[in-house]
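Before any comments, here is the structure.
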Amino acid sequence: MSEHERNILVTSALPYANGDLHLGHMVEYLQTDIWVRFQKMRGHRCIFVCATDTHGTPIMLRAQKEGIAPEDLIARVGEVMSKDFSDFLVDFDNFHSTHSQENRELVETMYLRLRDAGHIRSEVIKQAFDEQENMFLPDRFVRGECPRCGAADQYGDSCESCGATYSPGDLKNPVSVLSGTPPSERESEHFFFRLGDFEEMLREWVSSGRLHESVSRKLEEWFDAGLKDWDISRDAPYFGFEIPDQPGKYFYVWLDAPVGYQASFLNLCKRRDDLDFDEFWGRDSKAELYHFIGKDIVYFHSLFWPAVLTGANYRTPTAVFAHGFLTVNGQKMSKSRGTFITARTYLDHLDPEYLRYYYASKLGAGIDDIDLNLEDFTARVNSDLVGKLVNIASRCAGFISKRFDGQLSDELMDPALFAEFTQASEGIAQAYESREFARAMREIMALADKANQFIDTHKPWVMAKDPEQLHAVQAVCTQGLNMFRVLMGFLKPVLPGIAQRAEEFLATGDMNWDSVSSPLLGTKIETFKPLAVRVDPQSVNAMVDASREDLKTSEKTKPMDPIADEIDINTFASVDLRVARIVNAQQVEGAEKLLQLTLDIGGETRNVFAGIKAAYDPETLIGRLTVMVANLKPRKMRFGLSEGMVLAAGPGGADIFILSPDEGAEPGMRIK
RNA sequence: GGUGAUGUAGCUCAGACGGUUAGAGCGACGGACUCAUAACCCGUAGGUCGGUGGUUCAAUUCCACCCAUCACCA
């Protein structure tokens, strides 16, 4: 394989400096890091840059709330993130910040080039304004009733209940999230990027294999709907960069964030003589440029970004790689279930390489979500990494150390089998290259099975009892260790730490992609020490518990719902609460949030629609006891008559908890 | 509401440009072994491939509709 050396610049999406990194974020950084390490192992020049995304209203407000300057907030968050990344063995060539001199200059340059080329226009628009806080409100900062379905407390841009999209002005009874007062509407001049100027260029760019097929299909929507101009300005007060010659107007965070990729790279260029900014970003750059992103920000990276780059006379990305989201135990991460796990909480309990391997074993090139099933995680890491892979070294090392003073044989016992391993190299490399990590892991583990079978067939522990066969024992174990070494080389992008310990154990030096194809013969190895220990399920449980505890402490700081007005005992007694057995629970066709429950309250059964679909699987409800309001006036709903109400607590969505009586309660018993 | 993606053994996932007995790992069960971090090896059981309808000699694979889950709607 004498592939020419490639020049590659890679980015991960910039994490927003307003909170902790969690295991969902890590999917992307680990995916990118594995890919970059693979490229470096292949001998290519591959530069991996990232930065904190630091601008916008949420960061400004959070800093205000903490009583510190936004600069101090983003500096602090940046340091925490940087530590999280390095502890997860994410090896950026540079981790910078969008609030940097480089970024300011690049954004200004970009804007001026776009403006001078006629791609910017201005328009006076109406926007929600908080009179008390004296600032314009982003859509998400206005809440009110959905104009279509009337659902209460919805965001200003879309309704979570019926899915309608609209603008904040359409909401009924809107209030500002900041002050709780109804917003007024004010006019303001905004600047727009004429995206439509780039339609032809974008159509060509999108359809030339730079995006996964499912992503380009999704983008067809935008072209079909017609490309709209993009609002790139925001009014003061805003934490960001002021637009040149437009006092009080700031660049929208989504304009300067991707420029942060360039800024981070430029910052690196200043410190490295071998890198030239224009070689990678110039219009005629021959270098490859890849952005790894989540599927939620495909639009920004595959329409705005290539258009803005083109308009400002830069090159466009070679490809944009979008990945799916993370679920934990099959569901959205949930703080109450303890599955909203921060990067730090994970690191406090478990080895980062286990997550790297687990993600790798599930990642493909597409935008499918991946699931972190914690039981599967434990089983898979223990079985694959410890039981299969490390076991090969572990079961061979003892013989070589004790019987042969660490000396390997001078030749391979089964060169054909070894060749089978090395010949898998290109297929596995191809899988890494195309980000089919799961396929690569499967192939590697299939080889690990072969290695174990080989040892099992030749039974060195039997031969070791016969002095005449000692030579064969050495040969079997030498073969085994060499197969292990090849596999460890293949896994080095995923498991850099374990690979390094294996290099030390085998005394083999720094392995690259090709070097492992030449077997290690006649040399001495070091004493074997466990390269990886098994995942203790207790640690996984402790991590989940700690994630729940994080919630407890954070909730203490939240104001409690105010206690309602005092009532007397008679008022309470007028509510007839009964123990009920859920005899049936099922989905309601066409309902977004409801489950249909059939409740047995002793003498009779009731039909109740409960808004708990996001929180409960109907199967698990059947048979259990709960508490219902039995004398609530029946309510006619779109799906039928609801004859009562099940008692539950919680903020809503997946965080709803229905009540259960203690053991011994019977359906129909009154609660008093 | 619109658009895209996903739905295959208990769990996590492969796969099939339509065609003989639909695969893997884990888990379960049985056996063998004892070199190895109770690891490893051999074997068995497990699926009407989300549902309904259509096209076809033939569909889990193509088409339509429906249901569920995820995402996006600038």
Side-chain angles (χ1 to χ4, degrees), chain A residues 139 148-149 157-159 162-166 192-193 195 212-222 224-232 252 254 294-300 303-304 322 324-327 329-332 358 361-362 364 366-400 402-403 436 438-439 441-443 445-446 448-449 451-465 473 476-477 480 528-534 587-590 592 613-614 617-618:
Chain A
D139 292 356
R148 190 165 84 194
C149 75
D157 52 359
S158 67
C159 174
C162 74
T165 56
Y166 40 77
F192 289 80
F193 171 65
L195 186 62
H212 196 258
E213 202 185 328
S214 57
V215 173
S216 23
R217 270 204 289 274
K218 177 78 180 142
L219 287 174
E220 283 302 315
E221 253 183 80
W222 284 46
D224 292 347
L227 298 176
K228 291 186 209 158
D229 293 346
W230 181 36
D231 186 350
I232 56 160
Y252 176 40
W254 260 114
K295 64 180 176 181
D296 53 332
I297 55 175
V298 159
Y299 292 104
F300 292 102
L303 291 180
F304 296 145
F325 278 49
L326 180 75
T327 56
N329 293 337
Q331 294 182 294
K332 267 192 208 184
Y358 189 73
S361 77
K362 306 196 90 164
I367 57 169
D368 304 342
D369 291 352
I370 67 169
D371 185 43
L372 167 59
N373 180 293
L374 292 169
E375 279 179 30
D376 184 53
F377 166 82
T378 307
R380 180 160 225 136
V381 167
N382 288 345
S383 168
D384 287 2
L385 290 189
V386 182
K388 290 181 182 178
L389 180 77
V390 171
N391 185 46
I392 301 167
S394 175
R395 67 195 303 195
C396 292
F399 290 114
I400 296 287
K402 285 179 204 141
R403 308 273 183 147
E436 294 287 356
R439 198 173 82 219
M441 296 308 110
R442 274 200 305 279
E443 288 183 24
M445 284 308 144
D449 285 343
N452 275 310
Q453 283 159 16
F454 169 84
I455 296 162
D456 209 67
T457 305
H458 293 283
K459 301 190 178 15
W461 55 93
V462 174
M463 294 191 285
K465 289 171 186 155
V473 171
V476 170
C477 294
F528 180 80
K529 288 178 228 127
L531 299 169
V533 294
R534 307 174 72 76
Q587 304 282 356
V588 182
E589 197 166 310
E592 296 270 336
K613 180 170 164 176
D617 174 3

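In the text below, chain A, chain B and the rest are named by the order of the sequence lines, each starting its count at 1.
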Checklist entry - Mind checking what makes side chain to side chain donor-acceptor pair (under 3.5 Å) contact with A:T327, not counting sequence neighbours? => result A:D371
Checklist entry - How would nucleotides 39-45 of chain B be written as a contact map, 5' to 3', with B for base contact, S for sugar-phosphate-only contact and - for no contact, using protein heavy atoms under 4.0 Å? => result SBSS---
Pairs under 3.5 Å (N/O, protein and nucleotides 14-17 of chain B):
{"unit_1": "B:A14", "atom_1": "O2'", "unit_2": "A:R442", "atom_2": "NH2", "d": "3.2"}

Item to check | Non-neighbouring partners of A:K295 that pass side chain to side chain donor-acceptor pair (under 3.5 Å), sequence neighbours left out | outcome: A:D369
Item to check | ring-ring contact (aromatic ring centres under 6.0 Å, His included) involving A:W230 - partner list, sequence neighbours excluded | outcome: A:F304
Please list, pair by pair, any protein nitrogen or oxygen found under 3.5 Å from a nitrogen or oxygen in nucleotides 49-51 of chain B.
none

Item to check | For A:N382, side chain to side chain donor-acceptor pair (under 3.5 Å) partners two or more places apart | outcome: none
Item to check | Test side chain to side chain donor-acceptor pair (under 3.5 Å) applied to A:D231 - qualifying residues, sequence neighbours left out | outcome: A:H190
Checklist entry - Where does RNA chain B pair, written as one dot-bracket string 5' to 3', with Watson-Crick or G-U pairs under 3.5 Å, ( ) inside the strand, [ ] for crossing pairs and | for another strand? => result (((((((..((((.....[...)))).((((.........)))).....(((((..]....)))))))))))).
Checklist outcome for this item: For A:D139, the salt bridge (charged side-chain N to carboxylate O under 4.0 Å, His left out) test, sequence neighbours excluded, returns none
Item to check | side chain to side chain contact (heavy atoms under 4.5 Å, CB included) partners of A:D229, counting only residues at least two apart | outcome: A:R121, A:F192, A:R194
Item to check | Residue pairs passing the salt bridge (Lys or Arg N to Asp or Glu O under 4.0 Å) test where at least one lies in residues 452-465 of chain A, sequence neighbours excluded | outcome: A:R395-A:D456
